[in-house]
Enquirer: 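Encoded as structure tokens, here's the structure I'll be asking about.
In the text below, chain A, chain B and the rest are named by the order of the sequence lines, each starting its count at 1.
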Amino acid sequence: MKIVFFGSAHFAVPALQALIKSGHELVCVVTQPDKKRGRHLHVCETDVKSTAVAAGLKTFQPENIKSKESVDFLKKLDADLFVIVAYGQIFSQEVLDIPRVMPINIHASLLPRYRGAAPINWAIINADKKAGVSIMYVSLKTDSGPVILQEGIRIEDSDTAVTLEDKLRYLGAELLMDALKVIDDRSYCLLEQDEDKVILAPKLRKEDGLIDWGESATAIHNQVRGVLPWPGAFTFFRGKMLKVFQTDVLPIFPNHKPVPGEVIRADKHGIVVACGRGFLNLKELQLEAGKRMSGQNFIIGHRLKPGDVLGK
RNA sequence: CGCGGGGUGGAGCAGCCUGGUAGCUCGCAAGGCUCAUAACCUUGAGGUCAUGCGUUCAAAUCGCAUCCCCGCAA
């Protein structure tokens, strides 16, 4: 089949690599324009572009995929299939109608759960037991098209949004290969999503990383795991932003009633902080502009002691 | 040229503004105390203060340049 691949983010790379190996005719890779980003605002290309260029593929980087120029360009490619993975622009019906067979998308959730930009993060924040990937027919409304294939995996206690994404991006690439097969054979069926079971997973905002010490230890623990790599869970320590990367929920019963955010222990056992319900051991931290370090080193270097209160 | 923080024994930090003996907590090593210990006491090893140039009688500290690390913002 003649395929046009649309993708930008890290998540899309294994799918593109799988396509390259698959022997299908990849006529073009469409990705977001090179942008000034990162420290000092240097111009960077997307991970997908680097992969495509390394493979000698033609790339296309329109500012607006819906523009007349983009549409004309895409039509000339005469593609059978559009494969869209974490591309970053919304399509118009006119664009979706271009491929001869259909436009398909890999989405990192078990649809209809978690439509939107941050499905992996919300699955962890909400303490789900399972996550997965879906391959669906792309319709105009975001992530609402009928599902072709779907596969789930267990979310382990040790998973963070980063480790889970890493698993899902490869799972997605495998499932894409299966999807190409059934599409080629015309042996697929389209399963409409149950609109009653839709859960939205909007893009995370900076404030989604702010820790509310009044929440339960378990909820904060899930937040810490779920908001990686961005925005990262954070609180404040002596007026500076303090990022929290790794925590453990502890069954501890102190002999006084601490305020939420109060450090009740800071020693070789770790940094134990009181939450609204339960206690958290802060295992990996990073103070604003500082290095990421263990709780041990944080105590030693910053003279953290019981009675200090986090959050301001 | 988006804004800002930082590079000091193995680790995390202080010292820098106001130049003049390399400091703290921890780790490590040896010894001691103890029924015992992640506890306590003694002692000890370990540092071209990122790099280069400059100012100075004298630079971790002041000036210029370079390299590297990090946060914000996008």
Side-chain angles (χ1 to χ4, degrees), chain A residues 7-13 30-50 61-65 86-90 116-118 120-121 160-162 165 201-213 220 223-248 250-255 261-273 279-312:
Chain A
S8 298
H10 175 75
F11 182 80
V13 172
V30 184
T31 189
Q32 293 275 41
D34 296 352
K35 281 178 186 161
K36 287 186 176 184
R37 56 177 59 230
R39 209 168 282 147
H40 307 304
L41 299 184
H42 290 309
V43 177
C44 297
E45 59 186 27
T46 65
D47 289 350
V48 164
K49 184 181 176 185
S50 318
Q61 301 178 274
E63 282 294 337
N64 181 0
I65 197 67
Y87 171 55
Q89 288 194 42
I90 305 293
I120 301 169
N121 306 92
T160 67
V162 173
E165 177 188 316
K203 189 158 81 176
L204 294 177
R205 299 155 303 165
K206 180 66 180 177
E207 59 260 40
D208 289 318
L210 179 64
I211 293 172
D212 173 1
W213 292 105
I220 295 172
Q223 178 188 17
V224 167
R225 298 194 295 143
V227 299
L228 295 171
W230 189 90
F234 62 94
T235 183
F236 292 91
F237 175 64
R238 294 173 191 163
K240 288 187 178 172
M241 186 166 91
L242 176 66
K243 286 204 170 191
V244 180
F245 288 102
Q246 209 190 342
T247 55
D248 269 344
L250 291 184
I252 289 197
F253 304 93
N255 47 21
E262 181 178 339
V263 175
I264 62 167
R265 232 160 64 180
D267 53 30
K268 301 206 171 190
H269 305 273
I271 300 175
V272 180
V273 180
F279 297 85
L280 272 188
N281 180 13
L282 310 187
K283 296 172 72 177
E284 204 176 0
L285 312 161
Q286 179 177 34
L287 196 59
E288 182 179 316
K291 273 187 212 163
R292 187 165 164 165
M293 67 186 76
S294 67
Q296 281 315 304
N297 280 337
F298 189 85
I299 293 167
I300 289 166
H302 298 283
R303 307 292 160 88
L304 183 72
K305 55 193 183 309
D308 286 342
V309 178
L310 300 181
K312 55 190 178 182

Enquirer: Near RNA chain B, which residues from residues 36-47 of chain A have a heavy atom under 4.0 Å away?
Expert: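 Within this stretch, A/Arg37, A/Gly38, A/Arg39, A/His40, A/Leu41 sit under 4.0 Å of the strand.
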
Enquirer: B/G19 and B/G2: how far apart are their P atoms, nearest whole angstrom?
Expert: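 Roughly 35 Å separates the two P atoms.
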
Enquirer: If you measure from the P atom in B/U18 to the same atom in B/C64, how many Å do you get, rounded?
Expert: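 About 15 Å, rounded to a whole number of Å.
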
Enquirer: Tell me what A/Lys206 touches on the nucleic acid: a base, only sugar-phosphate, or nothing, going by heavy atoms under 4.0 Å.
Expert: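 The answer is sugar-phosphate, as A/Lys206 gets under 4.0 Å only of primed atoms, P, OP1 or OP2.
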
Enquirer: Quantified in whole Å, what is the C1' atom distance between nucleotide B/G47 and nucleotide B/A39?
Expert: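 About 30 Å, rounded to a whole number of Å.
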
Enquirer: Remember a base hit wins even if backbone is also touched, and classify A/Gln286 as base, sugar-phosphate or nothing at under 4.0 Å, heavy atoms.
Expert: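 Result for A/Gln286 = sugar-phosphate.
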
Enquirer: Determine the Euclidean distance between corresponding C1' atoms of B/C41 and B/U48; express it in Å to zero decimal places.
Expert: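 The answer is 35 Å between these two C1' atoms.
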
Enquirer: Do A/Phe234 and A/Val227 come close enough that some side-chain heavy atom pair is under 4.5 Å?
Expert: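 Side chain of A/Phe234 against side chain of A/Val227, heavy atoms only: no contact under 4.5 Å found.
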
Enquirer: With both distances under 3.5 Å as the test, what is the Watson-Crick or G-U wobble partner of B/C49?
Expert: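 Checking every strand shown, B/C49 finds no partner, since no pair has both distances under 3.5 Å.
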
Enquirer: Please report the distance separating the P of B/A58 from the corresponding atom of B/C13, rounded so that it comes out in whole Å.
Expert: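 The answer is 34 Å between these two P atoms.
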
Enquirer: Just the rounded figure in Å: distance from C1' of B/A39 to NE2 of A/His269.
Expert: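 Taking atom C1' of B/A39 as the reference, NE2 of A/His269 is at 11 Å.
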
Enquirer: Name all residues meeting the side-chain contact (heavy atoms from CB on, under 4.5 Å) criterion together with A/Leu287; count only those two or more places apart in sequence or in a different chain, and write none if there are none.
Expert: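 Scan of A/Leu287 (side-chain contact (heavy atoms from CB on, under 4.5 Å), adjacent residues dropped) gives A/Phe237, A/Lys240, A/Leu242, A/Phe298, A/His302.
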
Enquirer: My understanding is that only residues two or more places apart in sequence, or in another chain, count here; which of them pass salt bridge (charged side-chain N to carboxylate O under 4.0 Å, His left out) with A/Glu288?
Expert: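 Partners of A/Glu288 under the salt bridge (charged side-chain N to carboxylate O under 4.0 Å, His left out) test: none.
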
Enquirer: For A/Lys49, enumerate each residue passing the salt bridge (charged side-chain N to carboxylate O under 4.0 Å, His left out) test, keeping only those at least two apart in sequence or located in another chain.
Expert: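 Partners of A/Lys49 under the salt bridge (charged side-chain N to carboxylate O under 4.0 Å, His left out) test: A/Asp34, A/Glu45.
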
Enquirer: Taking the same atom, C1', in B/G9 and in B/G4, what whole-Å distance lies between them?
Expert: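 Rounded to whole Å, the distance is 29 Å.
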
Enquirer: Using Watson-Crick or G-U wobble geometry with both distances below 3.5 Å, tell me the partner of B/C67, or none.
Expert: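 Base-paired to B/G7.
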
Enquirer: What is the distance, to the nearest angstrom, from the CD atom on A/Gln32 to the P atom on B/A74?
Expert: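 About 17 Å, once rounded to whole Å.
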
Enquirer: In whole Å, measure the gap between the C1' atoms of B/A30 and B/G46 for me.
Expert: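 Approximately 15 Å lies between the C1' atom of B/A30 and that of B/G46.
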
Enquirer: Step through the shown structure and confirm whether more than 12 heavy atoms of other residues, nucleotides or ligands are within 6.0 Å of CD1 on A/Ile90.
Expert: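 No, the 6.0 Å shell around CD1 holds no more than 12 heavy atoms from other groups.
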
Enquirer: Strictly by Watson-Crick or wobble contacts shorter than 3.5 Å, is anything paired with B/A36, and which nucleotide is it?
Expert: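 WC or wobble partner does not exist here.
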
Enquirer: Could you tell me whether the side chain of A/Leu310 reaches within less than 4.5 Å of the side chain of A/Leu282, counting heavy atoms only?
Expert: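 A/Leu282 reaches A/Leu310 side chain to side chain.
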
Enquirer: If the cut-off is 4.0 Å, is A/Lys268 near the phosphate of B/G27, judged by side-chain N/O to OP1 or OP2?
Expert: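 So the side chain of A/Lys268 is within the cut-off, an N or O lying under 4.0 Å from OP1 or OP2 of B/G27.
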
Enquirer: Salt bridge (charged side-chain N to carboxylate O under 4.0 Å, His left out): which pairs involve residues 291-308 of chain A, sequence neighbours left out?
Expert: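 Every pair satisfying salt bridge (charged side-chain N to carboxylate O under 4.0 Å, His left out) with a residue in residues 291-308 of chain A: A/Arg238-A/Asp308, A/Glu284-A/Arg292, A/Lys305-A/Asp308.
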
Enquirer: If we call it a pair only when both distances are under 3.5 Å in a Watson-Crick or G-U wobble match, what pairs with B/U18?
Expert: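 Result: none.
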
Enquirer: Rounded to the nearest Å, what distance is computed from the NZ atom of residue A/Lys240 to the P atom of nucleotide B/C72?
Expert: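 Atom NZ in A/Lys240 sits about 14 Å away from atom P in B/C72.
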
Enquirer: Can you name the ring pair (Phe, Tyr, Trp, His ring centres under 6.0 Å) partners of A/Tyr87, sequence neighbours left out?
Expert: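 Listed in chain order: A/Phe6, A/Phe91.
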
Enquirer: A/Leu287 CG to B/G71 C1': how many Å, rounded?
Expert: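 Taking atom C1' of B/G71 as the reference, CG of A/Leu287 is at 10 Å.
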
Enquirer: Could you run down the sub-3.5 Å N/O contacts of the protein with nucleotides 9-13 of chain B?
Expert:
residue : atom : partner  : partner atom : Å
B/A11   : O2'  : A/Asn297 : OD1          : 3.0
B/A11   : O2'  : A/Asn297 : ND2          : 2.6
B/G12   : OP1  : A/Lys291 : NZ           : 3.4
B/G12   : O2'  : A/Asn297 : O            : 2.9
B/G12   : O2'  : A/Gly301 : N            : 3.3
B/C13   : O2'  : A/Gly301 : O            : 3.1

Enquirer: With A/Ile299, which residues qualify under side-chain contact (heavy atoms from CB on, under 4.5 Å), at least two apart?
Expert: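 Applying side-chain contact (heavy atoms from CB on, under 4.5 Å) to A/Ile299 gives A/Ala266, A/Ile271, A/Leu304.
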
Enquirer: Suppose we screen for side-chain contact (heavy atoms from CB on, under 4.5 Å). Which residues come up paired with A/Lys283, at least two apart in sequence or across chains?
Expert: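 Only A/Gln246, A/Asp248, A/Asn281 meet the side-chain contact (heavy atoms from CB on, under 4.5 Å) criterion with A/Lys283.
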
Enquirer: Test side-chain contact (heavy atoms from CB on, under 4.5 Å) on A/Asn121 and A/Trp230; report intermediate values, then the result.
Expert: CA-CA 10 Å; A/Asn121 306 92; A/Trp230 189 90; over 6 Å; no

Enquirer: Looking only at atom P, what distance separates B/C49 and B/A59, rounded to whole Å?
Expert: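 It works out to 11 Å between them.
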
Enquirer: Nearest-Å distance, CD (A/Glu288) to P (B/C72)?
Expert: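 Taking atom P of B/C72 as the reference, CD of A/Glu288 is at 9 Å.
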
Enquirer: Can you measure A/Trp230 atom CH2 to B/A73 atom C1' for me and round it to whole angstrom units?
Expert: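 To the nearest whole Å, that distance equals 10 Å.
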
Enquirer: With heavy atoms under 4.0 Å as the rule, sort A/Lys35 into base, sugar-phosphate or nothing.
Expert: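 No contact at all - A/Lys35 keeps every heavy atom at 4.0 Å or more from the nucleic acid.
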
Enquirer: Report the base-pairing partner of B/G44 (Watson-Crick or G-U wobble, both distances below 3.5 angstrom), or none.
Expert: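 B/G44 is paired with B/C28.
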
Enquirer: Across all strands shown, which nucleotide pairs with B/U56 by Watson-Crick or G-U wobble geometry, both distances under 3.5 Å?
Expert: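 None - no nucleotide pairs with B/U56, as no candidate has both distances under 3.5 Å.
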
